[in-house]
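I have placed the structure first, in the form of structure tokens, so that the comments after it can refer back to it.
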Protein chains: 2
Amino acid sequence: MKAQALHGHLDALLLAVLERGALHGYAIIEALRARSDGSLDLPTGTIYPALRRLERAGHVASTWSTVNGRERRTYELTDSGRRALAGERAGWREFSITVGRFLDDSPATPA
Amino acid sequence: MKAQALHGHLDALLLAVLERGALHGYAIIEALRARSDGSLDLPTGTIYPALRRLERAGHVASTWSTVNGRERRTYELTDSGRRALAGERAGWREFSITVGRFLDDSPATPA
DNA sequence: GGCTGACAAGTAGCGTTGCTACTTATGAAG
DNA sequence: CTTCATAAGTAGCAACGCTACTTGTCAGCC
């Protein structure tokens, strides 16, 4: 998938991934890649800052732990994050319907 | 609709609107508003620069005319623009499917 | 005549966002 | 001893759309 097309929807994706359970940053990247069949392969420079943004906003909370000598920061959805996710979903629905109205009806769509 | 969510898809919308026929800037804004039932009410500061971008890229061509003493710049899709639109449509399809996989299946979707 | 509002186009400057490229560090495999 | 997967991070950049503003004509109203 064309990169940098996520604009404005990355936060929603991160919240959606964390909805299924707490994960650390690296695992989030892998979850996004897996659940999108490889379409979404985001660099660390994209998601680490995004996670800190979400934490500053109070939508996720992080806890450090050491696994096999490697430092891990595990992120978890907060209540605020769950509410934000609901809003993002509503926003996505409206956005995709609206844009789809212009881009989905291709000039030659068969029945 | 939440503003600035268009990120990356505005060009596609403009091309899609012009696909149905040449329009001038102001009319494009109205067409977007009409076809989206008012969801898309873009300010002139958004679309005029965007149109110039598209013209620089060769996707649209403009011609000036004077109607009722008012200057109009009418934009028209070029062949390159038509090709770009096809690409944007394909990109949108992939994007909406991918993001939708995370945001459409809400945890409590009834049958 | 003077005012307001719709029509029509434009620019300057800002803030957000995601990306590229880079650094640091551990453990396993060769 | 080097390379690769795991794990986290930062600095700086470029793109995008928005706010706020300017310029100008024409129609309708008082």
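Letters A, B, ... mirror the listed sequences (proteins, then strands); counts begin at 1.
In this entry the distance linking CG of A:L42 with P of C:dT20 reads 10 Å, nearest Å. In this structure, A:H9 places its NE2 atom 15 Å from P of D:dC16, rounding to the nearest Å. In this structure, A:E30 atom CD and D:dA7 atom P are separated by 7 Å, rounded to whole Å. Regarding A:H7, its NE2 atom lies at a distance of 14 Å from the P atom of D:dA14, rounded to whole Å. When rounded to the nearest whole Å, the span between CD1 of B:I47 and P of C:dA8 equals 12 Å. Per the geometry, CG belonging to B:N68 stands 11 Å off P belonging to D:dG28, to the nearest Å. If you measure from atom CZ of A:R33 to atom P of D:dT6, you get 8 Å, rounded to the nearest angstrom. For the pair B:L6 CG and D:dA15 P, the interatomic distance rounds to 19 Å; values are reported in whole Å.
In this structure B:T66 satisfies the side chain to side chain donor-acceptor pair (under 3.5 Å) test together with B:E71, sequence neighbours excluded. With sequence neighbours excluded, the residues satisfying side-chain contact (heavy atoms from CB on, under 4.5 Å) with B:S36 are A:T98, A:F102, B:S39, B:L40. Every residue meeting the side chain to side chain donor-acceptor pair (under 3.5 Å) condition with A:S80, not counting sequence neighbours, appears here in chain and number order: A:H59.
Applying the salt bridge (charged side-chain N to carboxylate O under 4.0 Å, His left out) rule to pairs touching residues 37-52 of chain B yields A:R101-B:D37, B:R33-B:D41, sequence neighbours excluded.
Phosphate contact (OP1/OP2 of D:dA8, side-chain N/O of A:R73, threshold under 4.0 Å): absent. For C:dA9, the OP1/OP2 oxygens have a side-chain nitrogen or oxygen of B:Y48 closer than 4.0 Å. Here B:H24 reaches the OP1 or OP2 of C:dA8: one of its side-chain N or O atoms lies under 4.0 Å away.
Comparing atom distances between the B:Y26 side chain and each of C:dA6, C:dT11, D:dC16 picks out C:dA6 as nearest.
For residues 51-67 of chain B, proximity to DNA chain C is found at B:R52, B:W64, defined as any non-hydrogen atom under 4.0 angstrom from a strand atom.
Screening A:L14, A:L15, A:V17 for a side chain to side chain contact (heavy atoms under 4.5 Å, CB included) involving A:L77 leaves a single residue, A:L15.
Surrounding CZ of B:R82 are more than 12 heavy atoms belonging to other residues, nucleotides or ligands, all under 6.0 Å away.
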Short heteroatom pairs, N/O only, protein and nucleotides 21-25 of chain C, under 3.5 Å:
none

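Classification of the B:H9-B:F95 ring pair by plane angle, with boundaries at 30° and 60°, yields tilted.
With hydrogens and angles disregarded, a donor-acceptor distance shorter than 3.5 Å links the side chain of B:T78 to the backbone of B:G58.
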Given B:R35 and B:R20, is the side-chain contact (heavy atoms from CB on, under 4.5 Å) satisfied, shown in steps? CA-CA 12 Å; B:R35 250 174 98 179; B:R20 300 198 175 172; 3.2 Å; yes

